[in-house]
Amino acid sequence: MSDKKVRVRFAPSPTGGLHLGGVRTVLFNYLFAKKHKGDFVLRIEDTDQNRYVEGAEQYILDCLKWCGITPDESPVVGGQYAPYRQSERKPIYREYAERLVAQGHAYYAFDTPEELDAKRKEIPNFQYGHAHRYELCNSLNLPLQEVEALLHANTPHVIRIKMPQDDTISFNDMIRGYVSFDTNQVDDKVLLKADGMPTYHLAVVVDDYLMKITHAFRGEEWLPSAPVHLLLWEFLGWKADMPEWAHLPLILKPDGHGKLSKRDGARLGFPVYAMNWLDKKTGELTPGFRELGFLPEAFLNLLAMLGWNDGTDQEIFSLDEMIEKFSIERISKAGAKFDFEKAKWYNAEWIKRTDAESLKLKVWEILKEKGVTVTDEAYLLKVIDIVKERCVLLPDFYQQSAYFFQQPAEYDINSVKPKWTDAKTDFFNALVTVLPELDSFEPAATETRFKALAEEKGLKVGDLMLPFRIMLVGGKFGPHVFDIAALLGPSETIIRIEKALEAFTG
RNA sequence: GGCCCGUUCGUCUAGGGGUUAGGACGUUAGAUUUUCAUUCUAGAAACAGGGGUUCGAUUCCCCUACGGGCUACCA
């Protein structure tokens, strides 16, 4: 690596929600930048006016924010190399495209999309390249005057790169090592579209150069077009400044085959996007990890482990730890199938490790949404501590803790009623009178008294525990009963026993 | 079809010329928890195939197979 300051960019196209692979690319970019005390730039690649989606840019910004990743430069915070939206840089690209034409590395092409479609149908494996470019409508083939006339008449045209013949383009990918391509196999990609906007190929090279990007991370799907980019760096005379490339392995469908897509989420029942995404045109809502109840720490952690590890058995990493441990050499080459079960495990681990204070707000919101009002913060903190180890997703806090704030709306009556006896009624009536006499309502104290009373009444403790639990909780779940009772306090415990007794005996 | 990339338990992966091929998720069994979950213990489970190179290949090379990506005036 050179002594230049490390600068990386995440350059999404604002066409919809951000999916797993996108966030992982952000993450690796960010980890690398921060590891090397460099800059992380957010650049919006909105060069396709047809695919542009309102709100997508804001969504990307919100995603980064949720993840705790702050760009050093972006369309909103600006920076030395602004603007960071390619649509706002439009005039820049034409200049470089024209320069390439002037130097003979590119040419004007006047073929219409319809004509090219026809060609593709007519000629098997048609490529706009060395084999066919001299039979098509372009400045390589047409007489100079005719080209000038067409240009003068504002005839719609594109600028294409002229791929050299019989050459090999190779480079050293930071992840894949030596990679090479035969130029005869690569077609004359469009650089500048008829609307004057650059294609990705031109824009990525020009902007990476202008923004002084030193390391370029992107998905493996870009590998086949790498030779075009390499050539552009060379033709434009910037080869010495070319970033190092890292083509990341893809995230694959858990079942079947292929790249993970939005559709798979709907089909298999798990989110693919970082956050909920609402398509304003169709009204379709694509669920996100955030809304499902993932902690951002867990989300980033599980994403990082999809293709990276630190070489030890450690699997739980905070963002800071990842920055410290990250290295490109430890990124795997092969694509990874996404496993939602493991994803949930990461979240459960993170919930367990996060202290109640940090969880407080989120749990409070979840309870509020369900109509459970929390007024005592200290009490909420205690509740979180006692139930968090049985929550996998944030919304699990509702079922696990609602009964601490309100009496059970209904009881799992079938678990107690068939085995109910008058002796049990008698026991709980006695318990209600005995409980207030206790000096301490600590779990151990109530448990001792509970058991003693059972013995006095000649009943088995085991037959009384479940009914007691159901009286307090409503169902067969939750922490230890006496811990629950302790938190609830004597008066609330007694009220619940009495109320449940009516339901059990009625 | 052409080109490019890849291939260790079901999944994510560690490892690397000589290992009982390790961990995690999931799964199975047991323990603990007089509920559920947690936790703990144990078990099943993998080097795609064929050729080389080598005293010795899962590891290095080649081929095949399989998987994936690209093949737009989309990124």
Side-chain angles (χ1 to χ4, degrees), chain A residues 11-15 45-48 50-51 109 111-113 116-117 120 124-128 156-160 173 175-177 179-182 184-187 189-201 203-204 218-227 247 249-250 252-255 257-259 302 305-316 330 332-346 348-349 352 387-392 396 399-400 412 415 447 451 460-470 473 475-481 484:
Chain A
S13 181
T15 55
E45 309 228 338
D46 54 349
T47 56
D48 187 349
N50 301 317
R51 294 213 310 161
D111 320 83
T112 66
L116 292 175
D117 276 348
R120 291 190 182 97
N125 298 329
F126 172 82
Q127 280 208 138
Y128 206 123
H157 64 277
V158 301
I159 292 179
R160 287 178 181 272
D173 188 273
I175 294 173
R176 268 143 237 290
V179 184
S180 75
F181 300 86
D182 175 357
N184 292 344
Q185 300 291 340
V186 186
D187 58 353
K189 290 270 182 262
V190 170
L191 264 20
L192 202 73
K193 299 184 257 189
D195 64 3
M197 278 290 195
T199 59
Y200 171 84
H201 306 295
V204 74
R218 51 166 35 162
E220 194 189 350
E221 71 267 28
W222 289 107
L223 203 45
S225 51
H247 289 91
L250 266 16
L252 277 11
K253 301 176 196 294
D255 67 334
H257 313 292
K259 256 199 299 194
L302 72 93
M305 300 312 283
L306 241 35
W308 177 82
N309 69 80
D310 77 337
T312 72
D313 286 342
Q314 185 175 344
E315 294 197 87
I316 304 297
R330 296 211 59 90
S332 42
K333 294 179 173 66
K337 286 186 184 171
F338 178 68
D339 180 2
F340 190 51
E341 290 305 316
K342 184 111 187 202
K344 284 192 290 192
W345 174 80
Y346 279 105
E349 286 298 313
K352 273 186 282 186
V387 304
K388 68 178 185 182
E389 70 184 16
R390 49 199 84 213
C391 295
V392 174
D396 293 344
Q399 117 104 242
Q400 290 297 337
D412 182 354
S415 299
E447 181 169 0
K451 286 181 176 171
K460 279 193 279 183
V461 178
D463 293 338
L464 300 165
M465 293 292 276
L466 189 61
F468 188 35
R469 164 175 299 281
I470 291 175
V473 176
K476 292 192 277 188
F477 60 90
H480 298 293
V481 214
I484 297 173

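Below, read A as the first sequence line, B as the second, and so on, with proteins coming before strands; counting in each chain starts at 1. For clarity, every value in this text was computed on a predicted model and none was experimentally measured.
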Task: Minimum-distance nucleotide (side-chain atoms of A:Glu389 versus B:A37, B:G69, B:U34) - done: B:A37
Task: Donor-acceptor pair between A:Asp111 and A:Tyr128 side chains, under 3.5 angstrom - done: yes
- [ ] Could you pick out which residue, A:Glu447 or A:Glu220, lies toward the 5' side of RNA chain B when each is mapped onto its nearest nucleotide?
- [x] A:Glu220
Task: From B:U71, B:C74, B:U35, nucleotide with atom closest to A:Asp48 side chain - done: B:C74
- [ ] Would you check if the side chain of A:Arg469 reaches a backbone N or O of A:Lys476 as a donor-acceptor pair within less than 3.5 Å?
- [x] no
Open item on the list: Suppose we call a contact any N or O donor and acceptor under 3.5 Å apart; does that hold for the side chain of A:Lys189 and the base of B:A72?
Closed with: no
- [ ] Kindly point out which of B:A14, B:C73, B:A75 is positioned nearest to the side chain of A:Thr47?
- [x] B:A75
TODO: Please tell me which of the listed nucleotides, B:C74, B:G6, B:U34, lies nearest to the side chain of A:Lys333?
DONE: B:G6
- [ ] Just call it for A:Asn125: base, sugar-phosphate, or nothing, with non-hydrogen atoms closer than 4.0 Å on any strand.
- [x] base
Open item on the list: Starting the side chain at C-beta, find the nucleotide from B:U34, B:C70, B:A75 nearest to A:Lys259.
Closed with: B:C70
TODO: Determine the contact category for A:Arg330: base if any of its heavy atoms lies under 4.0 Å from a base atom, sugar-phosphate if only primed atoms, P, OP1 or OP2 are that close, otherwise nothing.
DONE: sugar-phosphate
Open item on the list: My understanding is that a pair needs two contacts under 3.5 Å, Watson-Crick or G-U wobble. By that rule, which nucleotide pairs with B:C3?
Closed with: B:G69
- [ ] Quick one: label A:Ala336 by what it contacts on the DNA or RNA (base, sugar-phosphate, nothing), any heavy atom closer than 4.0 Å.
- [x] sugar-phosphate
Task: For B:A42, the Watson-Crick or wobble counterpart (both distances under 3.5 Å) - done: B:U28
Open item on the list: Heavy atoms only, 4.0 Å cut-off, all strands: where does A:Asp111 land among base, sugar-phosphate and nothing?
Closed with: base
Open item on the list: By the 4.0 Å heavy-atom rule, please label A:Ser180 as base, sugar-phosphate, or nothing.
Closed with: sugar-phosphate
Open item on the list: Does any part of the side chain of A:Asp46, heavy atoms only, come nearer than 4.5 Å to the side chain of A:Ser13, both counted from C-beta?
Closed with: no
Task: Closest nucleotide among B:A75, B:C4, B:A72 to the A:Arg120 side chain - done: B:A72
TODO: Scan A:Pro479 against the nucleic acid and name what it touches under 4.0 Å (heavy atoms): base, sugar-phosphate only, or nothing.
DONE: base
- [ ] Give A:Gly475 one of three labels, base, sugar-phosphate or nothing, depending on what nucleic acid heavy atoms sit under 4.0 Å from its own.
- [x] nothing
Task: Interatomic distance where NE2 belongs to A:His247 and P belongs to B:G6 [whole Å] - done: 12 Å
Task: Minimum-distance nucleotide (side-chain atoms of A:Asp339 versus B:U39, B:G10, B:A14) - done: B:G10
Open item on the list: Among B:U13, B:U71, B:U11, which nucleotide has an atom closest to any side-chain atom of A:Lys337?
Closed with: B:U11
Open item on the list: Quick one, A:Phe477 with A:Gln399, criterion side-chain contact (heavy atoms from CB on, under 4.5 Å). Give me CA distance, side-chain angles, the key distance, then yes/no.
Closed with: CA-CA 9 Å; A:Phe477 60 90; A:Gln399 117 104 242; 2.9 Å; yes
Task: Residue matched to B:A48 through Watson-Crick or wobble contacts both under 3.5 angstrom - done: B:U64
Open item on the list: Assess, by modelled atom type and distance only, whether the side chains of A:His247 and A:Arg218 contain a donor and an acceptor separated by less than 3.5 Å.
Closed with: yes
Open item on the list: Considering every strand and a 4.0 Å limit on heavy-atom distances, what is the contact class for A:Lys344: base, sugar-phosphate, or nothing?
Closed with: nothing
TODO: Would you indicate which nucleotide in B:U39, B:C12, B:U34 comes nearest to any side-chain atom of A:Leu306?
DONE: B:C12
Open item on the list: Any salt bridge linking A:Glu315 with A:Lys342? Criterion: basic side-chain nitrogen under 4.0 Å from a carboxylate oxygen.
Closed with: yes
Open item on the list: Under 4.0 Å, counting only non-hydrogen atoms across every strand here, what does A:Arg51 touch: a base, just sugar-phosphate, or nothing?
Closed with: base
TODO: Give none if B:A14 has no partner; otherwise give the nucleotide forming a Watson-Crick or G-U wobble pair with it, both distances under 3.5 Å.
DONE: none
Open item on the list: Using OP1 and OP2 only, check whether a side-chain N or O of A:Lys193 sits under 4.0 Å from B:C74.
Closed with: yes
Task: Of the listed nucleotides B:C70, B:A14, B:C4, the one nearest the side chain of A:Asn309 - done: B:A14
Open item on the list: By nearest heavy atom, map A:Val158 and A:Lys451 onto RNA chain B; which one lands nearer the 5' end?
Closed with: A:Lys451
TODO: Write down the distance between CG (A:Leu252) and P (B:U13), rounded to a whole number of angstrom.
DONE: 10 Å
- [ ] Mind checking A:His157 for me? I need base, sugar-phosphate or nothing, with any heavy atom below 4.0 Å counting as a touch.
- [x] nothing
Open item on the list: Strictly by Watson-Crick or wobble contacts shorter than 3.5 Å, is anything paired with B:C36, and which nucleotide is it?
Closed with: none
TODO: Apply side-chain contact (heavy atoms from CB on, under 4.5 Å) to A:Leu252 and list each qualifying residue two or more places apart in sequence or on a separate chain.
DONE: A:Leu250, A:Lys337
- [ ] For A:Ser225, report the nucleic acid contact type (base, sugar-phosphate, nothing); a contact means any heavy atom under 4.0 Å.
- [x] nothing
